[in-house]
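What follows is a single structure, and I will ask about it in a moment.
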Amino acid sequence: MFEKLFRKKSITKILEDAEKGYGEHGTSLHKTLGVRDLTAFGIAAIIGAGIFSTIGKASADGGPAVIFLFIFTAIACSFAAFAYAEFASMVPVSGSAYTYSYVAFGELVAWIIGWSLIMEYSIGNITVAISWSDYFTGLLSSINIPALGIKGIHVPDWATMDYLSAYNGHKHAEALVNAGKSFANLDDATRIANNAWITAPKIGGFHIVADLPALAIIIFITWLIYRGMKESRNASNAMVVVKLAVILLVLAVGIFYVDTANWNPFAPNGVSGVLKGVSAVFFAYIGFDAISTTAEECKNPQRDLPRGMMWAIIICTILYVAIALVLTGIVNYSLLAVGDPLAFVFDHINLKLMSGIIAVSAVFAMASVLLVFQMGQPRIWMSMSRDGLLPKSFSKIHPKYQTPSFATIVVGFVVAIPSLFMNLTIVTDLCSIGTLFAFVLVCAGVLVLQNKPNIQRGKFKTPYVNSKYIVPIVFIGMLIVGFTEYKKETNAFIFNTPRVYEPVHFITSLNASELELVKGEIKNSSVKINTAENQDAAAYLNDLSEDQYQSFMDQSTVSIEKKYESGWGLFKHKIPMWIFLIICLVIIYYCITKNLSLIPVLGLISCLYMMCELGISNWIGFGIWLIIGLVVYFLYGYRHSKLGKQPVPSV
């Protein structure tokens, strides 16, 4: 049975099947894409939330030095892109990392990666749909036409967010108000979520809260993709032109308002501040792998796919760096922790017309990201169906539109329904961890096939640099830096030193009697910051310096469990990083003994590191998803696998 679980597909057989067409449904995909189209799809997928949203928070954390984070993330993605490009050139068919893993590792691993890709694209689409909804409702509220008596079109808050966010926002607001904060001083996100919960219509005791604009855009995009690749390509290209024009306009206008004094200090919060935005910035880059799912619709996939991927990453990185420099040059970095940083900056310098143009273009930008993501997922399902791992219906090609019609419709439902109810933070991190897992396996796949002489190679091959000495030396260097420059942090990690909770977490975890106790301790504290009679406990603790806050918590009579995270509760968050360190040691061993190629090794390590930064809760969620996938595989895929029904020569 073990051999059957890891049976591999022959590259020769894959190419023969692709040449014949998969014929079960009488037609094949339409070949219409060239380098320019693939590059445009990559830009459409990458330039979205990164430029119009997450760049603000990342800039607020890292200052102007956030440009190094964009460059680091781009380099990490480029390492993975080399591996994707090599596989795409070697196996130019739909399926992306799923098909590549089938060749390198065998059926079980291919199923796991295909299942994780289903999560990546589904969750990614949900994320983008929710973000698009936020931009769209914000744009509607800014419409002002006095002649028609229109002063903003306001969609009710309960119709613009998910149930969980509204419920949690209401509970969070109650806790902060009990701690002394007024409703007027609540942050915007908490205030809107609380209002959504309070004003939502009810059926019995159930609050009806659902993101209706997200549903609408998914229905439209699904219809567009169902109609055909040509229509999707034209729509994507048009939206890419619009958002590139707006970004270039932002750069052209914004550069005249840059004050270089705002770039000093360049890295106000040091390396830790820059790295704080890793997951948010990475999410901006993940779309490039969707390009590889269109291999069968390329005119010359072995030549064009690698070029399209590389050009997309290069162009987008240049734009990200330029925008980050302009934003942090126009205003101080500390003001950029907003959801719409581009519009905010031009509002700040009283260029209302520019902020309006940006708001409109953001709606197009997010729609184009959704289009590419929504286009990629049905093609993964189609590839798995062709191999017998999913029912035949998923590989059905529409006779007129030449698209995977049934899979496209199912994907529409799979994305539309959760988008009504799911939380943006949860889905963003789950999407990132699924994507990074795919990147890790694709890089590992290139390493597995590296020294096999009988593999049919494509026109593109990752440049070979021997990692035998470089990787061990770099790892030793990182250990030296950790035990010298960051000795305190390293020791805290190794010895699981208790860590004080953040002020808001601490305050909102207290019951009524504990809260009154803390308020009394604040009133009697020698450090006087907030002198209002009704003390805002969270604001007071936030205003303390790090040493003052530590001293206050040490002296507080509240139970230690409420003040400090320690023991298993603290250690469990470090498990992913321990896994990373152990895998690094294994990789170093193989670098030394097998002379592994440096670029895919660096891709594997950097993507695994970012995966470990996403936290244990996301690993648990991802693990549950994979367990469900294994159940589906053994109940259906293992028994219906075409590779299992007849012996196929392994590579």
- Going through the checks in order, is the side chain to side chain contact (heavy atoms under 4.5 Å, CB included) test met by I217 and I221? CA-CA 6 Å; I217 188 61; I221 293 293; 4.2 Å; yes
- Query: With no hydrogens and no angle check, is any side-chain donor or acceptor of W158 less than 3.5 Å from a backbone partner on A193?
  - Reply: no
- Does atom CD of E489 have more than 12 heavy-atom neighbours from other groups under 6.0 Å away? yes
- Any sub-3.5 Å donor-acceptor pair from N194's side-chain atoms to R191's backbone N or O? no
- Short side-chain to backbone donor-acceptor contact, T317 and I313, under 3.5 Å: yes
- Message: Please confirm whether the ring centroid of Y84 lies under 6.0 Å from the ring centroid of F439.
- Response: yes
- Query: Considering all heavy atoms of both residues, which atom of P268 and which atom of G62 are nearest to each other, and what is their separation?
  - Reply: CD-O, 3.7 Å
- Message: Could you measure the distance from the CH2 atom of W132 to the CD1 atom of I218? Nearest 0.5 Å is fine.
- Response: 10.0 Å
- Message: Do T408 and T222 have side chains that approach each other closer than 4.5 Å (heavy atoms only, starting at C-beta)?
- Response: yes
- Taking all atoms of both residues into account, what is the closest heavy-atom pair of M610 and A76, and its distance? CE-CB, 3.8 Å
- If you take all heavy atoms of I470 and V465, which pair is closest and at what distance? CD1-CG1, 4.1 Å
- Return the minimal non-hydrogen interatomic distance between V253 and L351, and the atom names on each side. CG1-CD1, 3.9 Å
- Heavy-atom distance under 4.5 Å between the side chains of V274 and V66, does that happen here? no
- Do Y257 and V326 have side chains that get closer than 4.5 Å, going by heavy atoms? no
- Neighbour count >12 (heavy atoms, 6.0 Å) for atom CH2, W263: yes
- Output for pair (T39 OG1, M310 CE), nearest 0.5 Å, gives 11.5 Å
- Side-chain contact, heavy-atom cut-off 4.5 Å: T462 with P600? yes
- Item | Closest approach of H172 to T190 (non-hydrogen atoms, all atoms of both residues) | CD2-OG1, 3.6 Å
- Task: State the OG1-CG distance between T160 and D211, to the nearest 0.5 angstrom.
- Result: 6.5 Å
- Query: SG of C316 to CD1 of I323: how many Å apart, nearest 0.5 Å?
  - Reply: 12.0 Å
- Task: Walk me through it: do N332 and N262 pass the test side-chain hydrogen bond (donor to acceptor under 3.5 Å, both in side chains)?
- Result: CA-CA 5 Å; N332 186 273; N262 287 324; 4.5 Å; no
- Item | Neighbour count above 12 (heavy atom, 6.0 Å) for I255 CD1 | no
- Message: Quick check: do M611 and F622 have side-chain heavy atoms less than 4.5 Å from each other?
- Response: yes
- May I ask you to test the M309-L38 pair for a side-chain heavy-atom distance under 4.5 Å? no
- Message: Please give me the minimum heavy-atom distance between C443 and F79, naming the atom from each residue.
- Response: SG-O, 4.4 Å
- Message: Could you measure the distance from the CD1 atom of I599 to the CD atom of E86? Nearest 0.5 Å is fine.
- Response: 10.0 Å
- Check step by step if side chain to side chain contact (heavy atoms under 4.5 Å, CB included) holds for L249 and M354. CA-CA 9 Å; L249 179 63; M354 280 293 295; 3.8 Å; yes
- Working to the nearest 0.5 Å, report the span between OH of Y333 and OG1 of T328. 11.5 Å
- Message: Using side-chain heavy atoms (C-beta onward) and a distance below 4.5 Å, is L319 in contact with L244?
- Response: yes
- Task: Could you tell me whether the side chain of L336 reaches within less than 4.5 Å of the side chain of V345, counting heavy atoms only?
- Result: yes
- For V155 and F136, what are the C-alpha separation, side-chain angles and deciding distance, and is it a side chain to side chain contact (heavy atoms under 4.5 Å, CB included)? CA-CA 10 Å; V155 180; F136 183 68; over 6 Å; no
